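We count residues from 1, following the sequence as given. On a predicted model such as this, the values are computed, not experimentally measured, just so you know.
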Amino acid sequence: MSGRTPSLTPPDDATAPVRHPDAPAPGELLGAHYAHCFGCGDAQPHGLMLQARAAEGVAITAEFTVKPEHQGAPGLAHGGVLATALDETLGSLNWLLRVIAVTGRLETDFVRPVPVDTVLHLEAEVTAVAGRKIYSTAVGRIGGPDGEIAVRADGLFIEVKVDHFIDNGRPEEIQAAMSDPDQVRRARAFEVNP
């Protein structure tokens with residue numbers, strides 16, 4: 001192991017992100033990228049079922065309600081669940097670029113507790129692109145979209161080819177996703193996370 005940690009600071013030659021012309025329109029619900037995804041899938045009864053919408057530029061908004069199944073300390077969201085919500089939100093940004101990318105690094109700050117039954121309002125945007133590296137940032141608020149910041153994160157995503165998933169995923173799930181007759185769902189199944 002090299003011990004090197006990839007930087008979350010874009011290099012000097014990074015460029016501004018460019019929203020793909022076929023990206024969903026601002027306000028459009030992105031939907032789950034994969035039904036069995038713990039972050040956004042509707043086939044996960046204890047998952048986050050995070051709902052993301054395209055915003056202006058290369059940005060999205062999202063929200064999820066913290067359920068009792070998501071708690072760590074009594075009555076409070078587990079930090080790992082909150083990190084998952086941030087990762088899912090940041091990863092969904094890649095759909096606006098129309099690239100397949102996986103999480104390379106996620107740095108999360110937990111600012112204040114998030115109680116069970118709270119709606120976490122998330123905002124995320126891509127800040128820069130450098131080759132295959134996509135830099136992004138997100139915040140999660142409680143008490144409404146303009147409420148207090150509870151969590152925030154910076155992420156580094158790495159663009160990959162679909163072979164990354166084919167070579168590393170379980171064959172039955174890969175085959176099921178690749179056999180989906182819906183071309184958009186088939187493409188989105190492979191969009192985020194290692």
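- The heavy-atom pair separating Ala130 from Pro11 by the smallest distance is CB-CG, 3.6 Å.
- Closest heavy-atom contact between Ala25 and Ala54: O-CB, 3.3 Å.
- Counting only distance, with no hydrogens or angles, the side chain of Arg19 and the backbone of Gly57 share a donor-acceptor pair below 3.5 Å.
- Taking the side chain as every heavy atom from C-beta outward, Phe64 and Val81 approach each other to under 4.5 Å.
- For the pair Val114/Leu82, a side-chain contact is recorded, criterion being any heavy-atom separation below 4.5 Å from C-beta on.
- Counting only heavy atoms from C-beta outward, the side chains of Val151 and Leu86 approach each other to under 4.5 Å.
- In the hydrophobic clustering of this structure, Phe110 groups with Leu48; members are Ile, Leu, Val, Met, Phe, Trp, Tyr whose side-chain heavy atoms approach within less than 4.5 Å, directly or through other members.
- By the 4.0 Å N-to-carboxylate-O rule, Arg53 lies too far from Glu28 to be salt-bridged with it.
- Linking ILVMFWY side-chain heavy atoms closer than 4.5 Å, directly or via other members, places Leu50 and Leu120 in a single hydrophobic cluster.
- Using a 4.5 Å cut-off on side-chain heavy atoms (C-beta onward), Val18 and Val58 make no contact.
- Residues Thr118 and Thr65 form no side-chain contact, since every pair of their non-hydrogen atoms from C-beta on lies 4.5 Å or further apart.
- Side-chain contact check for Val116 versus Lys67: every heavy-atom pair is 4.5 Å or farther apart.
- Counting heavy atoms from C-beta outward, Ile134 and Asn94 have side chains that approach closer than 4.5 Å.
- Remark: side-chain polar atoms of Thr15 are paired, donor with acceptor, to backbone N or O of Val129 under 3.5 angstrom.
- Within 6.0 Å of CZ in Arg152 there are 12 or fewer heavy atoms belonging to other residues, nucleotides or ligands.
- Without hydrogens or angle criteria, Ser7 side chain to Thr9 main chain gives a donor-acceptor distance under 3.5 Å.
- The list of side chain to side chain donor-acceptor pair (under 3.5 Å) pairs with a residue in residues 119-146, not counting sequence neighbours, reads Glu63-His121, Thr137-Asp154.
- Using a 4.5 Å cut-off between side-chain heavy atoms of Ile, Leu, Val, Met, Phe, Trp and Tyr, with links allowed through other members, Val126 and Val99 fall into the same hydrophobic cluster.
- Here Thr89 contributes atom OG1 and Gln51 contributes atom CD; the two are 11.0 Å apart, rounded to the nearest 0.5 Å.
- Under the 4.5 Å side-chain heavy-atom criterion for Ile, Leu, Val, Met, Phe, Trp and Tyr, Leu122 and Leu106 are members of distinct hydrophobic clusters.
- Rounding to the nearest 0.5 Å gives a distance of 6.0 Å between CD1 of Ile142 and CZ of Arg112.
- Distance check, rounded to the nearest 0.5 Å: CD of Glu88 to CG of Leu93 gives 10.5 Å.
- In terms of heavy-atom proximity, Ala14 sits nearest to Pro10 at CB-CB, 3.8 Å.
- The heavy-atom pair separating Ala124 from Leu90 by the smallest distance is CB-CD2, 4.1 Å.
- The minimum heavy-atom distance linking Ala32 with Cys40 is given by the pair CB-O, 3.3 Å.
- Contact check for His78 versus His70: no side-chain heavy atoms found under the 4.5 Å cut-off.
- One finds the CD1 atom of Ile100 at 8.0 Å from the CD atom of Glu159 (value rounded to the nearest 0.5 Å).
- Criterion: ILVMFWY side-chain heavy atoms under 4.5 Å apart, direct or through other members. Under it, Leu30 and Met49 are not part of a common hydrophobic cluster.
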